[in-house]
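Okay, so here's the structure we're looking at.
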Amino acid sequence: MTQYPALHMMIDGERVTGGGRNTFPVVNPATGMKLGDLPLATQADLDRALDTAARGFARWRHSTSQERAAVLEGAARLMEERREDLARIATMEQGKTLPEARIEVMMNVGLFRFYAGEVFRLYGRALVRPSGLRATVIHEPVGPVAAFAPWNFPLGNPGRKLGAPIAAGCSVILKAAEETPASALGVLQCLYDAGLPQEVAQAVFGEPAEVSSYLLRSPVIRKLSFTGSTQVGKLLIKLAAEDLKRTTMELGGHGPVLVFDDVDVDQVLDAVVPHKFRNAGQVCVAPTRFIVEEGIYDRFLEGFVRRAQAIRVGNGLEDGVQMGPMANARRPEAMERLIGDAVRAGATLHTGGARIGNQGFFFAPTVLSDTPLSAEIMNEEPFGPVALINRYAGEEAMIAEANRLPYGLAAYCWTSNAKRQKTIQNRLETGMLALNTTTIGGADAPFGGVKWSGHGHEDGPEGLAACLVTKTVHEG
Ligand code: NAD
């Protein structure tokens with residue numbers, strides 16, 4: 001039986017805890033019970049982490065591709081071996097079902113393996129002029145990275161924040177979410193146990209705004225990597241701009257799902273309904289606005305509601321549970337606010353719309369239809385188990401609705417019409433498009449958004465390139 005581990009920070013190879021530091025209570029969202037107390041960084045802790053990151057970078061930037069690959073491959077193997085423990089810890093502190101948490105472990109394994117191969121392909125290039133002049137283009141690691149990972153993928157987000165900088169030869173100070181620290185520490189420990197020098201990657205926790213502003217003010221940090229809301233992302237990018245630090249910003253979304261009359265409705269529903277409610281909807285690429293063509297609308301809505309009502313909600317550690325609680329007390333509150341506003345604005349509530357039980361943060365799978373575009377929920381990322389289904393007449397109206405918002409992270413489209421598939425590919429303003437599938441990522445595929453969903457990528461060769469700078473040497 002997996003025990004929830006004792007909590008600490010990792011600074012300069014030391015497990016930092018106690019010492020009169022402030023603490024944050026980590027809570028199991030399925031029970032509301034405290035799991036542990038997380039120590040929070042003092043200014044002296046952050047100064048020490050910054051000094052260490054500078055040292056870590058001075059060392060790791062000169063590591064060979066073989067060393068980096070061995071660490072990443074070794075950590076992947078250890079995560080596979082420790083999959084069950086890592087997954088249980090993630091479920092305990094975040095709430096998602098155990099099968100979902102296991103998938104998250106394997107996402108990290110795949111990503112670390114991909115980067116273990118990719119480090120051998122950090123090629124430069126030689127430019128040879130007719131005059132005999134030669135120039136060499138070299139890629140170098142950008143420097144120490146300050147990385148901020150949210151709580152919705154407690155293992156996967158830290159994996160992304162650590163994997164690419166380490167592959168590129170950078171050092172990293174990771175501030176994972178205070179709500180899910182043990183998962184992040186578990187991933188980091190796999191890297192240490194695989195031979196990563198401990199000054200290369202560290203973990204701090206604290207009051208998020210204080211930690212981020214302190215780290216981003218330091219000239220040691222050369223890159224900001226942030227995953228979270230658009231609102232916080234805009235604040236951090238301003239701080240990074242003061243020192244012209246590089247940025248990778250994975251921000252909010254409001255995923256449109258276009259479903260045309262020409263599809264097999266049951267087949268689409270069997271795919272999209274579980275995808276909607278995965279991780280209780282707390283996914284930046286979640287399908288959110290279902291933009292359904294009028295000919296199939298009634299059947300689609302009826303089938304969606306029926307499937308949503310059949311979802312088994314409960315403690316993610318229990319067998320057969322299909323949706324766990326929401327991750328923290330703020331989320332059910334946000335659901336009540338957004339759904340209440342939508343219903344007052346004229347939306348029809350078909351199922352759900354309320355908390356379940358009186359312990360933990362459970363919220364019922366919810367379906368709203370005919371929600372006016374002016375309702376908050378049609379404009380603000382709901383980040384929860386709520387599907388918004390509206391009826392549209394034809395392609396133009398559907399594309400216009402998909403592109404209406406300033407977000408552009410993930411979009412989905414279901415159609416069997418080949419010409420329309422091309423039109424959709426060309427016209428949707430999105431960083432990622434899933435066409436007749438719910439698959440929206442992979443270790444080798446760049447993951448990122450456009451417009452208010454951010455810029456830059458994680459995963460794929462692009463994720464590694466984002467941790468590099470280019471130097472051109474001209475030789476006479
Ligand atoms: P939030 O925006 O305050 O926090 C989101 C994450 O950002 C947390 O991990 C938090 O620790 C971190 N954060 C917040 N302020 C920060 C700061 N000043 N500096 C550094 N990090 C900071 O709010 P929340 O209640 O946790 O989530 C609310 C919204 O955030 C959600 O509705 C969703 O839109 C968005 N969110 C997005 C993702 C994602 O994967 N893109 C993940 C979690 C939350």
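Counting starts at 1 for both ligands and their atoms, in listed order. What you see below is based on every heavy atom in this structure, not just the backbone, and it leaves out hydrogens, waters and symmetry mates.
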Modelled atom types, side-chain donor and acceptor of [X] and [Y], under 3.5 Å:
X: K223; Y: T248; value: yes
X: R404; Y: N379; value: yes
X: Q94; Y: N279; value: yes
X: T227; Y: K161; value: yes
X: D47; Y: Y214; value: yes

Would a 4.0 Å cut-off, counted as strictly less than, catch a protein heavy atom around atom 4 (O) of ligand 1?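 Neighbour list for atom 4 (O) of ligand 1 is empty of protein heavy atoms (cut-off 4.0 Å).
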What part of [X], side chain from CB on, backbone N/CA/C/O, both or neither, has a heavy atom under 4.0 Å from ligand 1?
X: E179; value: neither
X: L251; value: backbone
X: Q282; value: neither

If you take the nearest heavy atom of each of [options], which one is closest to [atom]?
atom: atom 12 (C) of ligand 1; options: W151, F153, F226; answer: F226
atom: atom 1 (P) of ligand 1; options: T180, V232, L224; answer: V232
atom: atom 29 (C) of ligand 1; options: S229, P382, A149, P208; answer: S229
atom: atom 24 (P) of ligand 1; options: E207, E333, R330; answer: R330
atom: atom 20 (C) of ligand 1; options: S453, S212, G454; answer: S212

Side chains of T17 and L7 in contact at under 4.5 Å (non-hydrogen atoms):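 No - every pair of side-chain heavy atoms lies 4.5 Å or more apart.
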Evaluate the ring planes of H254 and Y407, with Trp represented by its six-membered ring, and classify them as parallel (under 30°), tilted (30 to 60°) or perpendicular (over 60°). parallel
Decide whether an N or O pair under 3.5 Å exists between T227 and ligand 1.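 Such a contact does not occur with ligand 1.
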N328 versus ligand 1: do any nitrogen or oxygen atoms come within less than 3.5 Å of each other? no
Below 4.0 Å from ligand 1: does a non-hydrogen atom of E380 turn up there or not?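 Outside the 4.0 Å threshold, so no.
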Which ligand 1 atoms does [X] reach within 4.0 Å, using its non-hydrogen atoms?
X: P150; result: 9 (O), 42 (C), 43 (C)
X: C284; result: 39 (C), 40 (O), 41 (N)
X: K175; result: 11 (O)
X: L236; result: 19 (N), 20 (C)

Look at atom 18 (N) of ligand 1 and say which protein heavy atom is nearest, naming residue and atom and giving the distance to 0.1 Å. A209 CA, 3.3 Å
Minimum-distance protein heavy atom relative to atom 34 (O) of ligand 1: E381 OE1, 2.4 Å
Establish, for the pair R307 and F277, whether the NZ or CZ atom is under 6.0 angstrom from the six-membered ring centre and no further than 45 degrees off its axis.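 That pair does not qualify as a cation-pi contact.
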With a distance cut-off below 6.0 Å to the six-membered ring centre and an angular limit of 45° from the axis, does K175 pair with F226 as a cation-pi contact?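 Judged by the rule (NZ or CZ under 6.0 Å from the ring centre, within 45° of its axis), K175 is not positioned above F226.
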In plain terms, say whether E380 and R337 are close enough for a salt bridge, that is, a side-chain N and a carboxylate O under 4.0 Å apart.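 Yes.
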Compute the centroid of each ring, for F290 and then for F304, and state whether the two points are separated by less than 6.0 Å.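 Judged by ring-centre distance (under 6.0 Å), F290 and F304 do meet the cut-off.
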